[in-house]
Undergrad: 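First the structure, then my questions, so here it is.
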Number of protein chains: 2
Amino acid sequence: MGLRERKKQETRAALSWAAIRLIVARGYDKVLVEDIATEAGVSPRTFNNYFGSKAEAVASRHLDRIHRMADALRERPAGEPLWDALPPAMIEQFRPGPEVTSQPRPDREEWVAGLRLMMAVPAIQAETLRAGAMAQSALAAAIGARTGTDPDNEMYPNLVAATVLAALEVANTGFMLTKQPLDGLIREALRQISAGLPPPQQ
Amino acid sequence: MGLRERKKQETRAALSWAAIRLIVARGYDKVLVEDIATEAGVSPRTFNNYFGSKAEAVASRHLDRIHRMADALRERPAGEPLWDALPPAMIEQFRPGPEVTSQPRPDREEWVAGLRLMMAVPAIQAETLRAGAMAQSALAAAIGARTGTDPDNEMYPNLVAATVLAALEVANTGFMLTKQPLDGLIREALRQISAGLPPPQQ
DNA sequence: CAGAAAATTGCGGGTCCCGCATATTTGCGG
DNA sequence: CCGCAAATATGCGGGACCCGCAATTTTCTG
């Protein structure tokens, strides 16, 4: 990857992160595209070269995370069973990066409250889900590679990918509502799925 | 439900159906809100009283379908195991209604091609997925009622609902790509999930 | 049938999103 | 090291969207 490509990724990440920070702080409709562009040091027109909407900019962080999950899954030990490899590959990707830890950390409560409000915006929910759907094929490819199945001709890897993302979404929602640790929720969701989701005690 | 409520539902359905028909025929960005409103016999402003965007109007059909799935699930025989009740409750909801069969049926190939194009529009993908997420809680409630679990305090019914919708989505995609019958794809997806999605032959 | 409640409509304006043309930056070969 | 070609950033303009608000019409209720 040349310097050109690298810089593009940086701009993209800067825009996405700026969008999230501003929207969490101020609320979705009190942030204009112009604000985000200024914060990231580019022109408003350039924002729309990278993202088709504010919501897409926000969701792109989620998109990247899932792509990293797919990569992480490929790099798990070769012999490891699929359902053992999945939890760590997923949970890893939630460690906060430098752009978070470097900043003067805002009040935790305030941040989560702002996050909740942001995720309540219809357009953001929609784009976040779409980001998942976009990355689903990458995840399916990684799963296919692990299990010797072909995503283009078999349902299996696609179904696992879709299901895993559904689990992630349920865990995320649970985290927002109950504040239980996210990693525990993810592990529990995957456990139930790999057990075939049997109805309790019957 | 009074006459008032009924009429609102009719208008809503008329708008959604008009949006779909026009967009499938002409393409997403060659259909204005004004066109849809005219087709349904209301003013453009009224369109936005019902839907926040063109995409939401399109997706509302999906939303209704999932709500009907939840209702159908509640009406399955009492003793029937959950994973036996799900496939028929879901598949039922794809029978074409009168608004489809009454119209002079357009060319089948052309229709599917238009549908594919419509579903390729990012905004429509996003809103369709969000419609699923919206109806997910209704589905979870129905599942909770069947299995004696509480969606507010337990992960199980929410996880099943999310997973079932993921299966539906994979089946739908498979249908779009391969033209295999949808009901078979749904049954197969649910079967694999209830079996715990084991990797093949190992 | 009259009054209240609800739905429809028109208008106005801020924002978005994109096409297009231009300017600027980057990478590359000589 | 230089200048050319490709990629990227920017400015401008306009069509469409989306929503608040207030006025009008329709529907329900007693």
Side-chain angles (χ1 to χ4, degrees), chain A residues 1-20 22-23 26-60 117-118 120-128 130-131, chain B residues 1-16 18-20 22-23 26-60 117-118 120-128 130-131 134:
Chain A
M1 184 195 322
L3 185 147
R4 217 166 207 162
E5 191 65 17
R6 173 178 267 46
K7 203 150 193 211
K8 254 181 37 168
Q9 294 311 317
E10 276 169 26
T11 301
R12 188 182 167 83
L15 281 169
S16 175
W17 182 234
I20 293 173
L22 291 175
I23 290 175
R26 277 190 235 161
Y28 185 72
D29 39 10
K30 292 189 178 168
V31 176
L32 306 186
V33 166
E34 187 186 344
D35 302 328
I36 301 170
T38 300
E39 183 84 2
V42 298
S43 77
R45 181 62 182 85
T46 294
F47 174 89
N48 274 337
N49 287 344
Y50 283 87
F51 300 109
S53 66
K54 280 189 284 178
E56 190 183 329
V58 171
S60 95
L117 278 182
M118 181 176 81
V121 175
I124 297 218
Q125 292 177 2
E127 279 302 319
T128 301
R130 188 173 77 90
Chain B
M1 183 194 320
L3 184 148
R4 217 172 208 156
E5 192 65 19
R6 175 178 272 28
K7 204 154 191 210
K8 255 181 38 169
Q9 294 312 317
E10 276 169 27
T11 302
R12 189 182 167 82
L15 281 169
S16 175
I20 293 174
L22 290 176
I23 291 175
R26 278 192 237 161
Y28 184 72
D29 39 9
K30 290 189 178 169
V31 176
L32 307 186
V33 167
E34 188 186 344
D35 302 329
I36 301 170
T38 300
E39 183 85 3
V42 298
S43 77
R45 182 62 182 86
T46 294
F47 174 89
N48 274 339
N49 288 344
Y50 283 87
F51 300 109
S53 66
K54 279 189 285 179
E56 190 183 328
V58 171
S60 95
L117 277 182
M118 181 177 81
V121 175
I124 297 218
Q125 292 178 1
E127 280 302 319
T128 301
R130 187 172 78 90
M134 294 291 96

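Proteins get letters first, then strands, A, B, ... in listed order; numbering begins at 1 in each. Computed over heavy atoms, backbone and side chain alike; hydrogens, waters and symmetry mates excluded.
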Undergrad: Hey, does B:Asn49 reach any base, or is it just sugar-phosphate, or nothing, if we go heavy atoms under 4.0 Å?
TA: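 Result for B:Asn49 = base.
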Undergrad: Reckon B:Tyr50 has a side-chain N or O less than 4.0 Å from the OP1 or OP2 of C:dT8?
TA: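 Answer yes for this pair, as a side-chain N or O of B:Tyr50 is under 4.0 Å from OP1 or OP2.
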Undergrad: Let me spell it out: for each of B:Lys54 and A:Pro44, pick the nucleotide of DNA chain D with the closest heavy atom. Which residue's pick is nearer the 5' end?
TA: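 Of the two residues, A:Pro44 wins.
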Undergrad: Please test B:Met118 against B:Val121 for side chain to side chain contact (heavy atoms under 4.5 Å, CB included), starting from the C-alpha separation and ending with a verdict.
TA: CA-CA 6 Å; B:Met118 181 177 81; B:Val121 175; 5.5 Å; no
Undergrad: Quick one: which of D:dC18, C:dT8, D:dT10 gets closest to the side chain of A:Val42?
TA: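 Between D:dC18, C:dT8, D:dT10, the one nearest the side chain of A:Val42 would be D:dT10.
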Undergrad: Ion pair present between B:Lys7 and B:Glu10, side-chain N to carboxylate O less than 4.0 angstrom?
TA: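 Not counted as a salt bridge, because no side-chain N and carboxylate O are separated by less than 4.0 Å.
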Undergrad: Rounding to an integer number of Å, can you tell me how far B:Arg12 CZ sits from C:dT8 P?
TA: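 Roughly 12 Å, once rounded to whole Å.
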Undergrad: Would you tell me if any nitrogen or oxygen in the side chain of A:Lys7 comes within less than 4.0 Å of OP1 or OP2 on D:dT8?
TA: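 Result: no.
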Undergrad: Rounding to a whole Å, what distance do you find between B:Gln9:CD and C:dA7:C1'?
TA: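 After rounding, the gap between these two atoms is 14 Å.
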Undergrad: Answer yes or no: does a side-chain N or O of A:Ser43 lie under 4.0 Å from OP1 or OP2 of D:dA9?
TA: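 So the side chain of A:Ser43 is outside the cut-off, no N or O lying under 4.0 Å from OP1 or OP2 of D:dA9.
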Undergrad: How close or far is atom P of D:dC19 from atom OH of A:Tyr28, stated in whole angstroms?
TA: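 To the nearest whole Å, that distance equals 11 Å.
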Undergrad: Taking CG from A:Asn48 and P from C:dT15, how many angstroms apart are they, rounded to a whole number?
TA: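 Result: 15 Å.
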Undergrad: Please tell me which of the listed nucleotides, C:dC16, D:dC17, C:dC17, lies nearest to the side chain of B:Leu32?
TA: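 Among C:dC16, D:dC17, C:dC17, the one nearest the side chain of B:Leu32 is D:dC17.
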Undergrad: Per the atom types in the model, does the base of D:dG20 pair as donor or acceptor with the side chain of B:Arg45 at under 3.5 Å?
TA: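 Between D:dG20 and B:Arg45, which were checked side chain against base, a qualifying N/O pair under 3.5 Å is present.
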Undergrad: Taking CD from A:Glu34 and P from D:dT10, how many angstroms apart are they, rounded to a whole number?
TA: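 Rounded to whole Å, this separation is 13 Å.
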Undergrad: To the nearest Å, give me how far apart CD (A:Glu10) and P (D:dT8) are.
TA: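 Spelled out: CD on A:Glu10 to P on D:dT8 is 14 Å.
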Undergrad: Does B:Asp35 reach the main-chain N or O of B:Leu32 with its side chain, forming a donor-acceptor pair under 3.5 Å?
TA: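 Checked: pair present.
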Undergrad: Compare every heavy atom of A:Glu39 with every heavy atom of A:Ala18, then report the nearest pair and how far apart it is.
TA: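 Closest approach of A:Ala18 to A:Glu39: CB-CG, 3.7 Å.
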Undergrad: Using whole Å, report how far CZ of A:Phe47 lies from P of C:dC17.
TA: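 Distance, rounded to whole Å: 7 Å.
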Undergrad: Atom CD of A:Glu127 to atom P of C:dC16: distance rounded to whole Å?
TA: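 My rounded result for the distance is 15 Å.
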Undergrad: Should B:Glu34 and B:Phe47 be marked as a side chain to side chain contact (heavy atoms under 4.5 Å, CB included) after you check the CA-CA gap, both sets of side-chain angles, and the distance that decides it?
TA: CA-CA 8 Å; B:Glu34 188 186 344; B:Phe47 174 89; over 6 Å; no
